Amino acid sequence: MGEEEKSLNFIEHIIEDDLRAEYVKDQLRFRFPPEPNGYLHIGHASSICLNFGLGIKYNAPVNLRFDDTNPAKEEKEYVDAIKKDIKWLGFDWDTECYASDYFQQLYDWAVVLIQEGKAYVDSQTSEEIADQKGTPTEPGRESPYRNRSIEENLSLFEGMKNGDFKEGDHVLRAKIDMASSNMLMRDPVMYRVLHKAHHRTNTDWCIYPMYDWTHGESDYIEQVSHSLCTLEFLPHRELYNWFLDQLVSENRLRPKQREFARRNLSHTVVSKRKLLQLVENNIVSGWDDPRMPTISGLRRRGYTPESIRNFADTIGIAKRDNVVDVSLLEFHVREHLNKIAPRVMAVLNPLKVIITNYEEGKEEWLDAENNPEDEKSGTRKVPFSRELYIEQEDFREQANRKFFRLKLGGEVRLKNGYIIKAESCTKDEDGNVVEVQCTYDPKSKSGSGTEESLRKVKGTLHWVSSSHAIAAEVRLYDRLFTDATPDGHKDKEFMDFVNPNSLQKITGHMEPSLKDAKPGDRFQFQRLGYFNVDLDSTPEHLVFNRTVTLRDTWAKIEQKT
RNA sequence: UGGCCUAUGGUGUAAUUGGUAACACAGCUGAUUUUGGUUCAGUCGUUCAAGGUUCGAGUCCUUGUAGGCCAACCA
């Protein structure tokens, strides 16, 4: 019941007010209305969580409606990807709808508008129409075709529908007010001729309705009570209402458009158009590249639906411009993955360690906890032997007291194993350490209960047995852009900020339990971060993505000195 | 030179609708820890400005300032 204490966002306040004033709960209905012209991104996730979350909160139906009125940009591929992403996020829609299902109804209504003298066919070029539109500070001029007879309009509009005209010959316009301070009210175009096949209606139509003439009417047909969209549609509201005024009947629910600010994420772009540019210019491998802020990219990267929902929940919804720090998103994945990801050991930057007093050829299988956060997760066996790998960063010949890791003459615990002491090291001709010779304390074995095993040493390192380790490709990701707001600069293009080093591929050495890992499986590589198995992975060639690093306090300490 | 929207810590969002400015992240301290992870405790810091109404203003009014949106046969 703690849920009820949560304060309402401004949309919920509006709904509560409406519930008190005019609606009953049963009339509430929402919709998520993507255009199938690209993949969904983290900004859409916010909108999805808003609309479907409202549906859950008020036990109201939520439609998935494809706003497919522009066949030039839309494809079935996108429809399928969108449906997959919404389901993956954990939501389900009441009815799958398409604006294209309403083409006939929309046409019939348009004819009614013509008959009532509220719409006319304009036969000018788009340039002429644009020229007459005026500017925000000057009124527009009326089209010479504005006062055509109803009969002529009717016959021309029918001709448009029948394919008698080329693209651009005519458009249908609403007759509103060329002097309105709202540019959208200056006789907006309702229909244009487009001789293009539509992914659902194929060539049935060669005129297509514009967004404004479609959206509110679709909401009305579906009896959506609250049509929520982003703030850039705010000026459209007047037109949305004008179109509704022409056709709503008293006894049917009249939809309301309400607007909220789109969510921006730092160090990335959240716009289908810009994401498409990244794909087309091969900056990334595709819409689902793990560096992309698309839902499919985040999924491939290893994000969980829960973490994205929690993120959307935390940032909430409001009306002001915003740039949410990506570290908040990262916090939510870590929070979730910490609870569910099995711990394993993997060495990404190997440095050979020889335990000189450990018998050659001997191997031991040690017990390792799968997840300290989950008692039921049990343990697994990891092999130990004379020759191991640790991370290069975990050894220094000498270091100060703040360095808890291995140094000459110093001791360290090997996680789930023994305490070792570095005795000497060998270097190559360039002076790089290539091998460390250590001794181990045979009585210090983890979990053995001996006095020595309970000894406290400052550092604990992860490691793998070099002969048992399996090699795997590991893909390390960094932010796609070097700037926090790549598309927020007036003098520069967002493309100027693409990080050239956002992907690094290396070969890591994994503990052998990982050999059966399947695409999608998530792990914590201890002390390194959370990783998942990539779609490209095969049993012969494992591929891991780093979802996110662990919080790294050491990196901060080191940076300061 | 127009119309509309917005303004709360570094970031995001709240504030019983005029009554103690709070939650999360980030940052910083410390404790715990066989992950420099987790967990725990503490800490830092906020109402764009100036007037006004009021016993009382983040909230209402006025003016200003700053940012955003609007002139696609895109959505």
Side-chain angles (χ1 to χ4, degrees), chain A residues 6-9 13 33-35 37 67-70 72-74 122 125-126 129-131 133-140 167-168 170-173 180-184 186 189-194 207-208 210-212 214-215 229 231-238 259 261 263 266 272-273 311 313-332 334-335 338-339 343 345 369 372-373 402-405 412-417 419 446-447 453-462 484 524-529 549-558:
Chain A
K6 225 186 138 199
S7 54
L8 305 180
N9 62 44
H13 279 297
E35 182 189 12
N37 67 342
D67 227 333
D68 55 349
T69 58
N70 185 0
K73 288 186 179 173
E74 296 153 7
D122 197 333
T125 64
S126 63
I129 291 175
D131 194 50
K133 203 139 214 179
T135 68
T137 52
E138 309 155 30
E167 291 185 12
H170 308 284
V171 291
L172 184 72
R173 291 227 261 167
S180 172
S181 60
N182 183 348
M183 302 286 292
L184 286 153
R186 327 250 258 224
V189 173
M190 294 171 67
Y191 275 93
R192 76 283 212 189
V193 175
L194 239 37
I207 57 171
Y208 290 91
M210 301 289 289
Y211 166 84
D212 290 295
T214 309
H215 206 91
C229 60
L231 232 29
E232 62 267 30
F233 289 95
L234 202 151
H236 293 248
R237 185 148 126 194
E238 192 181 357
E259 311 82 9
R263 317 317 319 238
S266 75
K272 273 194 257 184
R273 202 195 92 238
F311 170 72
D313 227 48
T314 306
I315 62 178
I317 211 78
K319 288 182 83 166
R320 51 176 154 156
D321 290 344
N322 59 82
V323 183
V324 182
D325 200 305
V326 69
S327 67
L328 185 56
L329 179 59
E330 292 172 345
F331 162 78
H332 283 287
R334 288 196 188 102
E335 184 192 43
N338 176 50
K339 291 193 201 106
R343 272 58 169 172
M345 292 196 286
E369 212 177 4
E373 302 292 315
K402 281 189 178 165
F403 187 79
F404 300 164
R405 288 114 109 128
V412 92
R413 168 161 306 271
L414 294 177
K415 178 89 185 165
N416 307 311
I419 293 173
S446 290
S453 75
L454 299 173
R455 248 177 74 212
K456 301 282 177 200
V457 289
K458 196 62 188 167
T460 301
L461 306 185
H462 64 278
Q524 185 198 87
F525 290 0
Q526 280 179 116
R527 301 210 302 135
L528 297 175
T549 62
L550 257 28
R551 257 185 87 226
D552 193 351
T553 324
W554 167 239
K556 287 174 198 156
I557 295 169
E558 214 179 14

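Source: prediction; values computed, not measured. Proteins come first, then strands; the chains are lettered A, B, ... in the order of their sequence lines, and each starts at number 1.
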Any side-chain heavy-atom pair from [X] and [Y] closer than 4.5 angstrom?
X: A:Lys415; Y: A:Leu461; value: no
X: A:Glu35; Y: A:Lys272; value: yes
X: A:Val412; Y: A:Thr460; value: no

No-hydrogen, no-angle side-chain donor-acceptor test under 3.5 Å, A:His215 and A:Asp67: yes
Minimum heavy-atom distance between A:Thr135 and A:Arg186, given as atom pair plus value: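 It is O-NH2, 2.7 Å.
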Given atom [atom1] of [X] and atom [atom2] of [N], what is their separation to the nearest angstrom?
X: A:Asn322; N: B:A7; atom1: CG; atom2: P; value: 12 Å
X: A:His332; N: B:G12; atom1: NE2; atom2: P; value: 15 Å
X: A:Arg237; N: B:G3; atom1: CZ; atom2: P; value: 19 Å
X: A:Leu328; N: B:U11; atom1: CG; atom2: P; value: 14 Å
X: A:Phe404; N: B:G37; atom1: CZ; atom2: P; value: 10 Å

Per-nucleotide protein contact string for nucleotides 68-75 of chain B (B base, S sugar-phosphate only, - none; heavy atom under 4.0 Å): SSSB-BBB
Summary of protein contacts for nucleotides 26-35 of chain B, nucleotide by nucleotide, where a base hit scores B, a sugar-phosphate-only hit scores S (4.0 Å, heavy atoms): -SSS----BB
A:Glu259/A:Arg237 ion pair, N-O < 4.0 Å: yes
A:Ser126 vs A:Arg192, side-chain hydrogen bond (donor to acceptor under 3.5 Å, both in side chains): CA-CA, chis, key distance, verdict: CA-CA 10 Å; A:Ser126 63; A:Arg192 76 283 212 189; over 6 Å; no
N or O in side chain of A:His462 less than 4.0 angstrom from B:G36 OP1/OP2: no
Heavy-atom donor-acceptor pair, A:Arg405 side-chain to B:G36 base, under 3.5 Å: yes
Mutual orientation of the aromatic rings belonging to A:His236 and A:Tyr211 [parallel < 30°, tilted 30-60°, perpendicular > 60°]: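 Answer is perpendicular, since the angle exceeds 60°.
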